[in-house]
Protein chains: 10
Amino acid sequence: MLFKVAMTVRLPHDMPRAQADELKSTERAVAQQLQRDGTWRHLWRVAGRYANVSIFDVADADELHALLTALPLFPYMDIEVEALCRHPSSIHDDDR
Amino acid sequence: MLFKVAMTVRLPHDMPRAQADELKSTERAVAQQLQRDGTWRHLWRVAGRYANVSIFDVADADELHALLTALPLFPYMDIEVEALCRHPSSIHDDDR
Amino acid sequence: MLFKVAMTVRLPHDMPRAQADELKSTERAVAQQLQRDGTWRHLWRVAGRYANVSIFDVADADELHALLTALPLFPYMDIEVEALCRHPSSIHDDDR
Amino acid sequence: MLFKVAMTVRLPHDMPRAQADELKSTERAVAQQLQRDGTWRHLWRVAGRYANVSIFDVADADELHALLTALPLFPYMDIEVEALCRHPSSIHDDDR
Amino acid sequence: MLFKVAMTVRLPHDMPRAQADELKSTERAVAQQLQRDGTWRHLWRVAGRYANVSIFDVADADELHALLTALPLFPYMDIEVEALCRHPSSIHDDDR
Amino acid sequence: MLFKVAMTVRLPHDMPRAQADELKSTERAVAQQLQRDGTWRHLWRVAGRYANVSIFDVADADELHALLTALPLFPYMDIEVEALCRHPSSIHDDDR
Amino acid sequence: MLFKVAMTVRLPHDMPRAQADELKSTERAVAQQLQRDGTWRHLWRVAGRYANVSIFDVADADELHALLTALPLFPYMDIEVEALCRHPSSIHDDDR
Amino acid sequence: MLFKVAMTVRLPHDMPRAQADELKSTERAVAQQLQRDGTWRHLWRVAGRYANVSIFDVADADELHALLTALPLFPYMDIEVEALCRHPSSIHDDDR
Amino acid sequence: MLFKVAMTVRLPHDMPRAQADELKSTERAVAQQLQRDGTWRHLWRVAGRYANVSIFDVADADELHALLTALPLFPYMDIEVEALCRHPSSIHDDDR
Amino acid sequence: MLFKVAMTVRLPHDMPRAQADELKSTERAVAQQLQRDGTWRHLWRVAGRYANVSIFDVADADELHALLTALPLFPYMDIEVEALCRHPSSIHDDDR
């Protein structure tokens with residue numbers, strides 16, 4: 001099942017640089033593993049903002065929630081979730 | 001260049017059924033041709049709403065604008081556009 | 001899978017009474033059938049507004065979308081959807 | 001009487017881990033007791049967010065207020081309350 | 001039980017004058033009866049707007065909903081409802 | 001002259017408990033005096049939120065402003081003010 | 001007593017020109033009389049919009065409401081009202 | 001040229017009292033000088049809020065910006081600016 | 001003096017095609033004359049929307065208002081205006 | 001390709017003056033270099049606010065994102081981006 005997830009990161013200005021770098025580095029590793037697993041199917045940067053637009057492919061909302069809350073940056077993100085369906089005008093039976 | 005486009009359709013309640021069907025049918029044909037052309041790369045329905053989330057792959061904003069304003073349902077849609085970039089944590093050089 | 005769905009109905013003021021009554025009557029029949037089927041698990045009226053809060057129990061977002069768009073009042077409703085998960089503090093393994 | 005309550009938790013980023021764990025643990029115990037008492041009838045997690053959707057079954061608004069303000073996480077939550085009624089299309093005389 | 005209800009009236013500009021007058025006259029009669037019954041305890045006009053702020057004193061949300069939806073102007077009103085409690089700093093045991 | 005005032009309190013999470021208690025205690029004393037004086041005519045708690053809905057009866061906006069800004073919690077409150085009038089459908093000549 | 005009133009006019013697109021002209025002409029006459037009476041103390045156009053910012057000097061909210069609702073364009077206006085006080089840094093005892 | 005300027009002050013809760021008093025005192029002196037100069041033509045307090053509504057009379061937007069950013073409280077204010085014109089229904093050739 | 005003006009056009013769906021074409025054609029002629037006059041300095045289309053971002057160079061707000069309200073599409077546009085100044089980091093003494 | 005970028009700066013109140021001055025000075029140098037390079041084509045101050053309206057001329061969204069995120073003030077700015085196209089009524093083939 002597909003979800004569009006929009007994440008905006010807001011790191012506190014007083015977070016020490018080393019802590020921020022560590023968080024980002026771990027986040028990157030986790031995000032890449034999830035992409036390789038096929039659950040984080042698309043990941044785009046929104047131009048001009050510390051934000052992304054993503055497409056997740058998971059069994060259900062519980063799996064999505066588990067993945068998102070396990071992200072190192074989760075406590076610092078505003079997250080919007082939209083459940084997606086096959087569009088009747090799509091030429092793909094299974095657009096992922 | 002990639003753009004995320006979110007479209008919400010609001011047909012007037014007093015539009016004759018035949019006109020609405022004609023519009024939707026033409027829209028579908030245009031949308032499928034653009035998908036086959038590779039410019040409308042992804043098209044998903046948002047669950048529970050007459051709306052979609054789409055990814056367009058175009059040369060620039062002028063091409064995007066020309067495509068969107070040529071859609072038969074354009075006069076009846078609220079459209080939000082976000083320019084996308086490659087995300088530094090993406091495992092794809094070119095995620096489309 | 002559970003979804004919280006909030007529906008607000010906005011019938012055009014110039015809709016003939018007979019048409020409105022017919023729509024509401026059919027809507028009621030469909031809603032009650034879906035409740036008997038177990039997919040529309042809860043249905044509450046929001047005090048003071050022509051609106052409801054509902055819990056749907058469906059296989060996935062495609063089934064939810066099919067159910068909602070088949071409602072007779074769908075063209076006249078603003079609909080908000082939120083995907084739900086099991087809450088870690090729930091005392092029910094499967095709170096429906 | 002039923003109320004839909006939507007809670008979003010926003011813990012300060014600089015709250016010590018031990019304090020946060022203590023708060024969550026106590027919150028969980030209180031929430032589970034209220035569920036066993038039958039006043040907190042449903043409790044669902046919103047996918048992707050530190051938030052829940054809940055249904056409370058209380059005598060009146062005073063009881064609801066007393067329950068909510070006694071929650072350990074109350075000072076850290078944005079809370080929205082909607083009073084619910086029996087829906088005329090519900091197949092349940094008393095949908096809780 | 002007390003509820004604060006804020007109502008804003010939006011009559012269609014093309015409603016015939018006679019129909020509007022009839023609606024307002026009936027609304028006035030109903031509102032005054034509810035005030036005499038003690039359920040519509042306070043009714044104030046908001047300065048400069050076709051809107052009111054009201055306090056209702058009802059058994060529960062079902063009674064409130066029945067009263068509000070029976071108002072002749074209900075189809076033309078935006079309504080916001082807030083459930084009220086006794087305030088701990090109130091000097092009245094029962095401020096109505 | 002009547003004003004509806006809606007106050008939402010947002011105490012900083014790091015305010016020492018003693019300071020908060022002192023503030024609330026003084027606020028309560030001031031609020032009760034104003035109620036006895038007849039200027040703070042109604043004071044209700046909004047269910048589930050650290051907020052109130054109030055009706056003030058003052059000579060003019062200057063007196064209202066003086067009263068509100070003298071509240072101990074004023075620096076920590078979001079305040080919305082609406083000027084009220086006699087409603088033409090009120091059965092009270094002077095609804096306070 | 002002073003009020004800041006912001007008015008935005010939204011005439012229906014299908015209002016006949018003659019009716020609109022008549023409304024505007026009467027509105028102008030009323031507005032100018034109120035200015036001569038000293039109750040509509042300031043009247044400015046907001047650049048680029050069919051809107052104004054005004055200062056009214058009236059006995060109380062009832063008088064303000066009576067004046068505003070008697071304006072010929074009242075049914076077509078969005079109106080925002082703010083009660084004003086003497087500012088402690090004003091060099092005028094009575095800034096009108 | 002006239003501008004309506006709405007300023008809302010938000011002092012940090014942890015600003016030392018002496019610093020706040022110094023800021024306010026200097027702000028007052030600057031505001032009064034600008035009023036005497038005729039550039040800050042009107043200054044009203046918004047009832048119940050730490051905010052004002054002001055009318056500035058300046059040569060152009062550059063002068064307005066220079067005046068506003070030189071205010072001691074500028075870093076702590078939310079400021080909204082609207083450019084004003086002569087209103088065609090004003091009875092004053094030059095309403096200041 | 002420079003103003004940023006953002007215009008969004010909302011033509012009624014039931015406007016006859018000929019009327020819409022006539023409006024757009026006249027609008028285009030007026031817009032091009034104002035550009036040749038140097039008052040409408042920049043005019044860009046917003047990608048995917050029937051909207052533009054413009055920079056006007058006028059003597060003052062009165063001239064801006066006169067130009068905008070004379071546009072044939074003015075009754076059908078939402079317009080936002082922001083007064084602009086020279087930016088201290090601009091390398092142009094007079095960036096138009 | 002052109003983008004309209006609106007930036008609002010929000011420096012923390014407790015940032016040391018020297019750090020703020022250093023940030024602003026570096027920001028200014030970077031902004032001026034980008035203007036000389038022709039990528040930051042226009043830069044205007046919004047009257048009364050610590051904000052700007054800018055026009056960027058870049059190859060694509062990736063270049064825009066790289067430029068913006070490299071700005072020293074980027075972590076302290078709210079940024080809105082709109083992709084621009086040639087407007088059909090523009091008299092310039094290439095309005096930059």
Side-chain angles (χ1 to χ4, degrees), chain C residues 1-9 21 23-58 60-61 64 71-73 77 80-96, chain D residues 1-9 21 23-58 60-61 64 71-73 77 80-96:
Chain C
M1 199 182 138
L2 298 182
F3 289 92
K4 191 210 75 170
V5 180
M7 311 181 202
T8 301
V9 186
D21 288 347
L23 270 173
K24 291 176 190 176
S25 168
T26 316
E27 176 88 11
R28 180 186 173 96
V30 174
Q32 294 191 333
Q33 185 55 48
L34 291 172
Q35 288 173 77
R36 282 188 293 265
D37 295 346
T39 47
W40 197 329
R41 302 219 43 109
H42 295 285
L43 169 58
W44 297 287
R45 177 63 84 205
V46 181
R49 300 180 52 220
Y50 192 178
N52 70 61
V53 170
S54 295
I55 304 293
F56 280 81
D57 183 0
V58 291
D60 54 22
L64 177 71
L71 293 177
L73 288 175
M77 294 199 292
E80 293 174 20
V81 171
E82 283 186 310
L84 301 178
C85 317
R86 188 184 186 291
H87 193 287
S89 297
S90 176
I91 60 172
H92 306 290
D93 278 347
D94 185 17
D95 182 357
R96 309 187 182 207
Chain D
M1 200 181 136
L2 298 181
F3 289 92
K4 189 211 76 172
V5 180
M7 311 180 204
T8 302
V9 185
D21 288 348
L23 271 172
K24 292 176 190 176
S25 167
T26 317
E27 175 88 11
R28 179 188 174 96
V30 175
Q32 294 191 334
Q33 185 57 47
L34 291 172
Q35 289 173 77
R36 281 188 293 266
D37 295 345
T39 47
W40 197 329
R41 300 215 51 104
H42 296 286
L43 169 57
W44 297 287
R45 176 63 82 206
V46 181
R49 301 179 53 222
Y50 192 178
N52 70 61
V53 171
S54 294
I55 305 292
F56 281 80
D57 184 0
V58 290
D60 54 20
L64 177 70
L71 294 177
L73 287 175
M77 294 200 291
E80 293 174 18
V81 171
E82 282 185 312
L84 300 179
C85 317
R86 187 185 188 287
H87 193 287
S89 297
S90 175
I91 59 172
H92 306 290
D93 277 346
D94 186 16
D95 181 356
R96 307 183 183 212

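Residue numbers start from 1 in every chain, and the chains themselves are labelled A, B, ... in the order their sequence lines are given, proteins ahead of strands.
- The heavy-atom pair separating C/R96 from D/H42 by the smallest distance is C-CE1, 4.1 Å.
- With a 4.5 Å cut-off on non-hydrogen atoms, C/R28 touches chain D through its backbone and its side chain both.
- Distance alone, capped at 3.5 Å, places no donor-acceptor pair between the C/E82 side chain and the D/V53 backbone.
- D/W44 places no side-chain N or O within donor-acceptor distance of the main-chain N or O of C/L2, the cut-off being under 3.5 Å.
- Contacts between D/R49 and chain C at a heavy-atom distance below 4.5 Å involve the side chain alone, from C-beta outward.
- Contact count against chain D (heavy-atom pairs under 4.5 Å) is highest for C/P88 among C/P88, C/A29, C/A31.
- For CD of C/Q33, the number of neighbouring non-hydrogen atoms (other residues, nucleotides, ligands) closer than 6.0 Å is greater than 12.
- D/E27 places no side-chain N or O within donor-acceptor distance of the main-chain N or O of C/S89, the cut-off being under 3.5 Å.
- Atom CZ of C/R45 sits about 13.5 Å away from atom CG of D/D95, to the nearest 0.5 Å.
- Rounded to the nearest 0.5 angstrom, C/K4 NZ and D/I55 CD1 are separated by 9.0 Å.
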Trace of the side-chain contact (heavy atoms from CB on, under 4.5 Å) decision for D/R36 with C/I91: CA-CA 8 Å; D/R36 281 188 293 266; C/I91 60 172; 3.9 Å; yes
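- The candidate with the highest count of non-hydrogen atom pairs below 4.5 Å against chain C, out of D/A83, D/G48, D/C85, D/A47, is D/C85.
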